[in-house]
Amino acid sequence: MANEYDIIVVGAGHAGCEAAVVAAHLGNQVLLVTMNLALVAQMSCNPAIGGIAKGQIVREIDALGGMSGIVTDHTMIQYRMLNRSKGPAMWSPRAQCDKTAFSHYWKYVIEHTPNLHLRQDTVTELLMDEHTVLGVKTQLGKSFLAKKVILTNGTFLNGIIHVGEVNFSGGRIGESASFILSDQLKSCGVRTNKLKTGTPVRIDGRTIDFSKLEEQKGEDNPGRFSFSKTPELRNQLSCWITYTNEKVHEMLRDGFDKSPMFQGRIQGVGPRYCPSIEDKIVRFADRTRHQLFLEPEGRNTNEYYLNGFSSSLPEDVQLEAIHLIPGLENVEIYRPGYAIEYDYFDSTQLHYTLESKVVKNLYLAGQVNGTTGYEEAACQGLMAGINAHLAIKGDEPLVLTRSQAYIGVLIDDLVNKGVQDPYRMFTSRAEYRILLRQDNADFRLTPIGRKLGLIEDERYEQFLDKYENQNTIVNYLKQHTTQYQKMNELLENKGTNPLHQNVKLETVLLRPQISIQDIIDYDTEFSQFLQQIAASQEEISNAEISIKYSSYIQKEEELVQHLSNLDNIKLPAGMDYTNINSLSKEAREKLAKLQPLNLGQASRVSGVSPADITALMIYLKNVERLY
């Protein structure tokens, strides 16, 4: 093997795979080093991609030219669009995947990507010249040099696995942890801390009584994650629902004296929004039951994932409690649930590019930055790979704003606020949810991917054709008039007031009771027009959204324009905030530590109030007068 590369990526999880592939696609010679090449992009928790806000992230990755959506579409076994009863800003695609096929497909991708070199080994040390990374050294004694290094070690840094009173080192069960690296970075001034995550038992499906469970099928017309031409999903598998009960909770409480969490053996902070089952029954003591989902792990396995039953209690306690759950009275388990503690790095020490502020040429992506979830990791890997490439070329970095993408929200939150518990993306974190819908991710980001060179000609032409069709549909609805007598039959059936004159089709569609499909069914000319332009269901649905929510979209765009003015007011590098007495003490400390680039970034720092921003603006004006 060569010993010098443009970029070295350490770890082949979801972040590492995205980082390595995108950097190689952009023309860099990339080395991807991982402990086990048979376990790339492993789904170490539930076998699913997407969900609330996470689905939006996967579509954004795809729109930019990443691979997570494509891999998901090739390996999913069930598809659902969550939150359909709410507005389209909340719609979130989610797919159950064949766990083994997902990893195998990613392995196929990385093995067939030009410029991408693979090595199964363990990186034990960073090669450094003071605070600049030069490359890596491995367990087998090899040294590799690179212009940029991207660390995506997941939960492997000083990882400790807990099952009841038993604990041992590991990055995942059955895989060894990574040592030295985090201690080396700590000695350079990189702040580290510990987090905790967990995973439930895996169940033998042959021992489940499905007659006692509620079936949850996939959608009749399943969608896709990728905006490209990926296969249609056929022969979906069902998930299943059951519930805990008071007997289950009592059994679990009896095991608390052996719980590493309650006995203080786990020091790391666990995920607030995905707590363990023991944490749930303490935090929600008034709840008599909790919903559980049984998720199939693939087409060719009997293994089921018991979503909602993450636990670090002793195996015998877990099993006895599970046997009290309807449908699971006689189940056998393949392996128990466990908790894992691991080191992560303070994300406020990162630039927006995900390069370390402390160690030059070092990028950090994924769970090492305190996030949780495949999707959150994958988008960081993508952005780290892109920005490492741009830095090598000497080009301007790619920084997505909060109004451009959920990816921008995530990175902005990490850089400005840091994490106190594992960070998970939710729609509530985004203030511009109506602009950041899953359906328009390509409209927002594909031109950026095209400019970078990640979107090929054929796909870009499809993108242009799609939006030309959508605009044509919108214009038709705005320009064509309906015959009110005929349309009144529809309005009466839908329980809304009749028309007394002919109006534009757009006016009818703006009524909340009316869908675009209703108009298609009642207006023959419109139906024929759609057939004539060969409009897809996606184009028709997107046209409907753009009309129904046009006023809300316009308001958010105006708000973005107003607030973006703060981003245009730059703050001097190395500014001494400690001597600005008009700032609150907390603001002085936070701003001095983070050194924001502009007022917009400063306004999003936790603990900095609107009054502090006003004081900063006045201070900057006074400084300008002096000079």
Side-chain angles (χ1 to χ4, degrees), residues 11-21 32 34-51 54-55 57-59 61-62 66-81 93-113 116 118 120 152 154 172-175 199-200 202-206 208 216-219 222-240 293-307 334-335 366 373-375 377-379 381-382:
H14 301 262
C17 285
E18 285 287 4
V21 169
L32 175 59
T34 185
M35 291 181 179
N36 190 342
L37 279 168
L39 297 174
V40 300
Q42 181 78 348
M43 289 180 146
S44 48
C45 204
N46 61 323
I49 291 290
K54 293 168 174 280
I57 288 177
V58 178
R59 299 215 91 194
I61 291 170
D62 184 80
M67 290 300 301
S68 289
I70 293 172
V71 175
T72 299
D73 286 354
H74 277 87
T75 60
M76 64 181 169
I77 56 179
Q78 189 197 83
Y79 177 94
R80 295 177 65 230
M81 183 69 78
R94 185 181 190 272
Q96 293 295 137
C97 291
D98 186 307
K99 179 178 179 176
T100 302
F102 185 91
S103 178
H104 286 175
Y105 199 93
W106 253 119
K107 189 167 189 284
Y108 174 85
V109 169
I110 63 176
E111 286 181 344
H112 290 80
T113 298
L116 180 50
L118 307 175
Q120 182 166 298
T152 68
R172 283 189 294 249
I173 202 155
E175 298 178 68
T199 191
R202 305 307 199 271
I203 294 174
D204 185 343
R206 296 169 296 181
I208 299 170
Q216 186 182 64
K217 295 183 178 181
E219 296 195 349
R224 299 181 176 94
F225 275 89
S226 180
F227 293 99
S228 62
K229 300 293 185 182
T230 51
E232 290 184 12
L233 173 60
R234 302 182 185 277
N235 303 319
Q236 296 187 71
L237 300 185
S238 293
C239 293
W240 303 83
F293 293 89
L294 283 90
E295 303 177 11
E297 297 236 318
R299 294 190 184 278
N300 302 308
T301 179
N302 293 313
E303 195 167 352
Y304 275 77
Y305 176 94
L306 188 57
N307 194 337
Y334 286 128
R335 59 184 183 274
Y374 313 136
E375 303 83 1
C379 73
L382 181 79

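All values below come from the heavy atoms of this structure, side chains included, with hydrogens, waters and symmetry mates left out. For this chain, numbers begin at 1 and follow the sequence in order. Just so you know, these numbers come straight off a predicted model, no measurement behind them.
- Annotation: side chain of E232 is in contact with side chain of R224 (closest heavy-atom distance under 4.5 Å).
- Using a 4.5 Å heavy-atom threshold, the side chains of I203 and I208 count as touching.
- Residue Y108 qualifies as open at atom OH: its count of foreign heavy atoms under 6.0 Å is 12 or below.
- Minimum interatomic distance between L382 and G66 (heavy atoms only, all atoms of both residues): CD1-CA, 3.8 Å.
- Scanning all heavy atoms of the two residues, the minimum distance from L32 to G11 falls at CD1-O, 3.4 Å.
- Ring geometry for Y79 against F225 counts as perpendicular: the plane angle is over 60°, on a 0 to 90° scale with 30° as the lower cut.
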Do I49 and M43 pass the side-chain contact (heavy atoms from CB on, under 4.5 Å) test, and can you show the C-alpha distance, the side-chain angles, and the key distance before you say yes or no?
-> CA-CA 9 Å; I49 291 290; M43 289 180 146; 3.6 Å; yes
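- The minimum heavy-atom distance linking M76 with A95 is given by the pair SD-CB, 3.6 Å.
- Here the side chains of C97 and T72 are in contact, with some heavy-atom distance below 4.5 Å.
- Judged by distance alone, the side chain of N302 and the main-chain N or O of R206 form no donor-acceptor pair under 3.5 Å.
- Cation-pi geometry between R59 and F227 is met: the NZ or CZ atom falls under 6.0 Å from the ring centre, inside 45° of the normal.
- Atom CG in L116 sits 5.0 Å away from atom CG in L118 (nearest 0.5 Å).
- Among residues two or more places apart in sequence or in another chain, the side-chain contact (heavy atoms from CB on, under 4.5 Å) test is passed with A48 by N46, R94, Q96, E295.
- In this structure, NE2 on H14 lies 8.0 Å from CD on E375, to the nearest 0.5 angstrom.
- Minimum heavy-atom separation, V109 to V21: CG1-CG2, 4.1 Å.
- Listed by chain and number, the residues in a side-chain contact (heavy atoms from CB on, under 4.5 Å) with T199 are C45, R202, Y305, Y338 (sequence neighbours excluded).
- Across every non-hydrogen atom of P222 and L233, the tightest pair is CG-O, 3.8 Å.
- Between the side chains of S68 and E18, at least one donor-acceptor pair of N or O atoms lies under 3.5 Å.
- Between L294 and N307, every side-chain heavy-atom pair lies at or beyond the 4.5 Å cut-off.
- For residues 101-110, the set of pairs meeting the salt bridge (Lys or Arg N to Asp or Glu O under 4.0 Å) definition, not counting sequence neighbours, comprises K107-E111.
- Proximity of T75 to W106: side-chain heavy atoms (C-beta onward) are nowhere separated by under 4.5 Å.
- Taking the side chain as every heavy atom from C-beta outward, T301 and K99 never approach each other to under 4.5 Å.
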Taking it one step at a time, do Y374 and V58 satisfy side-chain contact (heavy atoms from CB on, under 4.5 Å)?
-> CA-CA 10 Å; Y374 313 136; V58 178; over 6 Å; no
Trace of the side chain to side chain donor-acceptor pair (under 3.5 Å) decision for S226 with D62 | CA-CA 6 Å; S226 180; D62 184 80; 2.7 Å; yes
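- Between atom OH of residue Y334 and atom OH of residue Y304 there is a gap of 10.5 Å, rounded to the nearest 0.5 Å.
- With a 4.5 Å cut-off on side-chain heavy atoms, P296 and I77 count as touching.
- Contact annotation: the side chain of Q42 never approaches that of N36 to less than 4.5 Å [non-hydrogen atoms, C-beta and beyond].
- When atom types are taken as modelled, the side chain of S103 and the backbone of V40 share a donor-acceptor pair closer than 3.5 angstrom.
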